[in-house]
Amino acid sequence: MKFVSSYEPGEYEPEIYAAWETADEFLPGGKVGADEKLYDNKPSNDPTHYSIVMPPPNANGNLHIGHGLTIAIEDSLTRYHRLRGDMTWYIPGADHAGFETWVVYERVLEAQGHTRFEYSRDELYAQVWNFVEEQRGNMELQVRALGASCSWKDLTFTLDENVVRRVYATFEKMWQDGMIYRGEKLVNYCPKHQTAFADIEVDHKDEKGKLWDIAYPVVDSDQEIIVSTTRPETLFGDVAVAVNPEDNRYKDLVGKKVQLPLTDREIPIIADEHADMEYGTGAVKITPAHDYDDYEVGERHNLPRIRVIGDDGAMLENCGPEFAGLTTADCRKKALQALKDAELLRGEKEIVHSVAHCYKCGTVIEPTLKEQWFVDVKKLAKTAIKHLEADEIKFFPTSKKRVLINYLEGLKDWNISRQIPWGIAIPMFRNVNTGEWIFDTRTNLSEIEIHGERYVRDEDTFDTWFSSSHWPIVCTNWEEGQKNPYYPLNVMETGADILFAWVARMIMMGLYVTKEVPFKEVYLHGLVLDAHGQKMSKSKGNVLNPLDMVAKYGSDAFRMGILRGRSAGMNQAFSEQSVVSGRNLCNKLWNVARFIQSIVDEGQDSSNSAEPSTDNVGEDWICREINEARWQIESQMKGYRFAEAVETMHSLIWDKYADWFVETEKIYKNIPLLKSTLESILKMLHPFAPFVTEAIWQNLSWTDGLLIAERWPKDYKYDPISAENYDKLMDVVTHTRSTIQALSEADKHFSRNDVVLLYGDDSIVDDNQLLVQHLTRVSSVISTEGQPRGLRLALANHEVYLDVSQDIVAKYAESLDNKILAVGRELDALNLRMMNPNYVDKAPAELVEETRKLIAEKEALIERLKLERQAI
RNA sequence: GGGUCGCUAGCUCAGUUGGCUAGAGCGUCUCGUUUACACCGAGAAGGUCGGGGGUUCGAGCCCCUCGCGACCCACCA
């Protein structure tokens, strides 16, 4: 490798990643620690352990921008802790993504002219397995391109044998604890995918619809009761009409029966609070098999449940020959017409109501009565709340903890069975004679025999989240009774959008299985929105591919760019400009390193230790600044303030190191300090920009080994007085530069190239003439020797003049006036503060003292400025 | 109905127990080519911190209230 004038990420990234990986640096403890057994009871030297898991990306998918953010965050944490010397374990994963993958595969089948119904469940499982197998590896390559320093040999796939074993063990325990039940309940059913969903997987959207009023004749009477409904087609499943017990209009009718139109059934009129007197006619038809509220009404009144819509979304036989087999939409039309013909349709009005949709295909969810496996979540949720309230998990952002508790408090039982072949088979078998269910893990068989009895396996698979909720447990190989320094995880980093679906369930499951919370801290990132703050979606066409960004600007630039301006839990726009800024920073650092290398190449190899020399106060200053930045990074990483950490490094490298320190070294070439400070900066930036820092490390002539395996820098020793003197010197330099610029703007003939800087009683300038001259680019810096002349700079603690003619100074008068006014305003504000006796009494003494000092300085400054002005 | 978050420079966002002149990146304007870097250097402009009220010596930050925006949960016959 060789230093060329600009950094080309594409030329370095692949081989650098390969070098890290082949050197086993991603293993906990790196190459050195690789032999240590991860689960050993006594790790050598008792190091600090740091564990973090990757939320498993879909094994057969491509990474999206959210994964890019995920990896930028997680890998920064990982590399930071590795540099700090922790036994750091970043565990990668791949998700079989049950339903997601199934949807993709169903499309593949469709494209081939086949359907799922041509194959058995087991055949389909095998087909999808092969399909995923072919696609796998793609995702992993992308994770590598983003620089994730995860321990690949520990990659966990959600269908791995140990995952299945653990999931079955938990399920068995729950079964024995009576927390699993099979119930015929209403489930969110997608007729297109023909599977049930958990509540959380359903999208509710407000839609325009119609509310129809339908008359139900009262039996043995000429009265009728008019019900309001948005779903006339479910009329065939009605089992009652409910009115509010307080509703005087219908009091007399309660207990009577109505003739259910279009059928020959009679159903009762019941009193139930569910009926809202204000809504519609105040009378509501009850269809327990197709509506959640009605289901509950049915429970309360012991009503039958009549299913009228089939698994395929078509009306069942019991709707009568006229309606059976129709789609719900057709049936609605036909039923309405029939009601109209019978003069029972009494009204129709437009309303807006919320309709449930399949989150994947958008099909309207049909609440359907089905036999499903449920987890009784009461105890799980209660335990989780207890531990959350005891603050055993720290949340970033903190507000999400309350949100989570709020959710857990209202949690309903969890439907864990899915009618799709791709997933972990539910290990339950039903006795073909008695119907009794038994637990058995031989799910590779569809039928088993025990004591001469035949049992048939349930064909359903687990909800993906049921297995994913074991993620921290399975990734760290947690086993009962064994000490595991990596469990609980130090942090769970994931998207705020899956707080309920995943984080909540990991906490419940972790506590249930291990009796411990599964992680100590949770960091939730928000959505990455497009440049205009819009959610990215395929239909909007505003999706950005992180790998495109990597190809265009480099992995480091992407990582720093996406971290910029981002804070916990917030949905934030993605800015390509930030990526450009990251790219520029990489290039800046590259060139700084290139320059330092050239000094090292030319210079004498002195054997001095890396310390500030006495002749360059800038060296003390940069040591102070590096120390300061390091402490900041440490605190920012602890608080997950990545954007600030990136900014700290940006400012250290660009505004401080390159602009103010490296410039001084063009005069004073302290090679040991240059080497050492550059190394420190490389280490400090490495968590965020792993590739460019390693590329530089490899290019430098004096470094050995890999940067990834280095240790975090220590404090520099420096002279604080010298460092402060450099601050003051910077003041002089900045003022000189801006005054020269102002003069040249005031007078077009002013030549800025041969300005002489004069100084009077000013030891800082006197001691650092060379530096001042170099940094200000004046032609010379000389003492006034008691004969002040020219334009005195507006600096409180310095006596510095620009040696220019009175002509030029006169042209500068206006900006001098402005300056006098500005300082006057500041002075007024300060004086006002001091005139408040309460401030003097109550504010901290050092603050008051500080104010006094400032007033004195400003007063002196304004005096001098006024004198200056009079002289013109 | 229950809950959460946001409103700070033209844009995207920082601002951690309340404390000096409110910051960054990008953008804008002016000037420039020096032992690395035009993916550059120097300088500058730009903010009544959503409105109002309160607490305080002191509020971007704490409390109340109003407005605007986003989101989550429940419900919507």
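Sequence lines set the chain letters: A, B, ... in the order given, protein chains first and strands last, and positions in each chain run from 1.
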**Asked** C1' atom, B:G41 versus B:U55: distance in rounded Å?
**Response** 49 Å
**Request:** Determine the Euclidean distance between corresponding P atoms of B:A74 and B:G51; express it in Å to zero decimal places.
**Result:** 36 Å
**Request:** Over all heavy atoms of both residues, which pair between A:Met637 and A:Ala645 is shortest? Give the atoms and the distance, please.
**Result:** SD-CB, 4.4 Å
**Message:** Does A:Glu8 reach a base, just sugar-phosphate, or nothing at all? Heavy atoms under 4.0 Å.
**Reply:** base
**Prompt:** Which whole number of Å gives the distance between the P atom of B:G46 and that of B:A24?
**Reply:** 14 Å
**Request:** Take atom C1' in B:C29 and the same atom in B:A9, then report the distance between them in whole Å.
**Result:** 15 Å
**Message:** Need one value for A:Ser575: base, sugar-phosphate or nothing, where a base atom within 4.0 Å counts as base even if backbone is also close, heavy atoms only.
**Reply:** nothing
**Asked** Closest to the A:Arg594 side chain: B:C13, B:A36, B:U4?
**Response** B:A36
**Request:** Both distances under 3.5 Å, Watson-Crick or G-U wobble: on that basis, could you give the dot-bracket string for RNA chain B, with [ ] for crossing pairs and | for other-strand partners?
**Result:** (((((((..((((.....[...)))).((((((....).))))).....(((((..]....))))))))))))....
**Message:** Give me the distance, rounded to whole Å, that separates B:C37 from B:G32 when you measure between the C1' atoms they each carry.
**Reply:** 16 Å
**Item:** Of A:Asn838 and A:Tyr7, the one whose closest RNA chain B nucleotide lies more 5'
**Value:** A:Tyr7
**Message:** Under 4.0 Å, heavy atoms only, any strand: does A:Tyr407 hit a base, just the sugar-phosphate, or nothing?
**Reply:** nothing
**side chain to side chain contact (heavy atoms under 4.5 Å, CB included) between A:Phe500 and A:Leu404, intermediate numbers included** = CA-CA 7 Å; A:Phe500 299 155; A:Leu404 184 57; 4.2 Å; yes
**Item:** Nearest-neighbour nucleotide for the A:Asn584 side chain, B:A42, B:A74, B:C40 considered
**Value:** B:C40
**Prompt:** Taking atom NZ of A:Lys666 as the centre, does the number of heavy atoms from other residues, nucleotides or ligands within less than 6.0 Å exceed 12?
**Reply:** yes
**Message:** Between B:A22 and B:U35, how many Å separate the two C1' atoms, rounded to a whole number?
**Reply:** 38 Å
**Prompt:** Contact class for A:Asp659 vs. all strands (heavy atom < 4.0 Å): base, sugar-phosphate, or nothing?
**Reply:** sugar-phosphate
**Item:** Modelled atom types, side-chain donor and acceptor of A:Asp276 and A:Asn244, under 3.5 Å
**Value:** no
**Fill in**
All heavy atoms of A:Leu235 vs all of A:Pro261, minimum pair found to be CD2-O, 3.1 Å
**Message:** Any base atoms under 4.0 Å from A:Lys535, or only sugar-phosphate, or nothing? Heavy atoms, all strands.
**Reply:** nothing
**Asked** Nearest to the side chain of A:Asn591, which nucleotide is it out of B:C37, B:G43, B:G25?
**Response** B:C37
**Prompt:** Are A:Thr851 and A:Tyr839 linked by a side-chain donor-acceptor pair shorter than 3.5 Å?
**Reply:** yes
**Message:** Applying a 4.0 Å non-hydrogen cut-off, can you work out what A:Ser651 is touching in the nucleic acid: base, sugar-phosphate, or nothing?
**Reply:** nothing
**Message:** Nearest whole Å is fine: how far is B:C72 P from A:Leu524 CG?
**Reply:** 15 Å
**Prompt:** Distance only, no hydrogens: is a donor on one side chain within 3.5 Å (strictly under) of an acceptor on the other, for A:His301 and A:Asp272?
**Reply:** yes
**Request:** May I ask you to verify if any side-chain N or O of A:Lys588 is less than 4.0 angstrom from the OP1 or OP2 atom of B:G41?
**Result:** yes
**Message:** Quick check on B:A24: is either OP1 or OP2 less than 4.0 Å from any side-chain nitrogen or oxygen of A:Arg564?
**Reply:** no
**Minimum-distance nucleotide (side-chain atoms of A:Ser581 versus B:C75, B:C26, B:C72)** = B:C26
**Complete:** Here the distance between atom C1' of B:A74 and atom CG of A:Asp203, to the nearest Å, is 16 Å
**Prompt:** How far does the P atom of B:A14 sit from the matching atom of B:G25, given to the nearest Å?
**Reply:** 16 Å
**Request:** Please report, rounded to the nearest Å, how far the C1' atom of B:C72 is from the NZ atom of A:Lys205.
**Result:** 17 Å
**Request:** Using only heavy-atom distances, determine whether the side chains of A:Glu296 and A:His274 contain a donor-acceptor pair under 3.5 Å.
**Result:** no
**Message:** Students often get this wrong, so: under 4.0 angstrom with heavy atoms, is A:Glu849 touching a base, only sugar-phosphate, or nothing?
**Reply:** nothing
**Message:** If you only use heavy atoms from C-beta on, which nucleotide in B:C39, B:A42, B:A36 is closest to the side chain of A:Lys666?
**Reply:** B:A36
**Options B:G43, B:C39, B:C57, nucleotide nearest the side-chain atoms of A:Asn836** = B:C57
**Request:** Between B:A44 and B:C5, how far apart are the P atoms? Round to whole Å, please.
**Result:** 40 Å
**Item:** Polar pair under 3.5 Å, donor/acceptor by atom type, side chain A:Gln741, base B:U30
**Value:** yes
**Request:** Check every strand shown and say whether A:Leu211 touches a base, only sugar-phosphate, or nothing at a heavy-atom separation below 4.0 Å.
**Result:** sugar-phosphate
**Item:** Under 4.0 Å protein heavy-atom contact, by nucleotide of nucleotides 14-22 of chain B - B base, S sugar-phosphate only
**Value:** SSB--BBB-
**Message:** Between A:Trp654 and B:C40, is there a contact of a side-chain N or O with OP1 or OP2 at under 4.0 Å?
**Reply:** no
**Prompt:** B:C13, B:A36, B:C39: which one has an atom nearest the side-chain heavy atoms of A:Arg583?
**Reply:** B:C39
**Asked** Does A:Trp212 have A:Arg231 sitting over its ring (NZ/CZ under 6.0 Å from centre, angle to axis within 45°)?
**Response** no
**Message:** On RNA chain B, compare the nucleotides closest to A:Leu585 and A:Asn571; which residue's is nearer the 5' end?
**Reply:** A:Asn571
**Nucleotide of B:U35, B:G25, B:C5 approaching A:Ser399 most closely (side-chain heavy atoms)** = B:C5
**Request:** Can you spot which of A:Lys552, A:Arg564, A:Arg583 makes a salt bridge (Lys or Arg N to Asp or Glu O under 4.0 Å) with A:Glu576?
**Result:** A:Lys552
**Asked** When the ring centroid of A:Tyr523 is compared with that of A:Phe642, is the distance short of 6.0 Å?
**Response** yes
**Prompt:** Does the ring center of A:Tyr12 lie less than 6.0 Å from the ring center of A:Trp590?
**Reply:** yes
**Message:** Classify A:Val592 by what it touches in the nucleic acid, base, sugar-phosphate, or nothing, heavy-atom distance under 4.0 Å.
**Reply:** base
**Request:** Please work out if A:Ala242 contacts a base, only the sugar-phosphate, or nothing of the nucleic acid, heavy-atom cut-off 4.0 Å.
**Result:** nothing
**N or O in side chain of A:Asn406 less than 4.0 angstrom from B:G2 OP1/OP2** = no
**Asked** What pair of heavy atoms forms the shortest contact from A:Tyr657 to A:Val592, and how long is it?
**Response** CE2-CG1, 3.6 Å
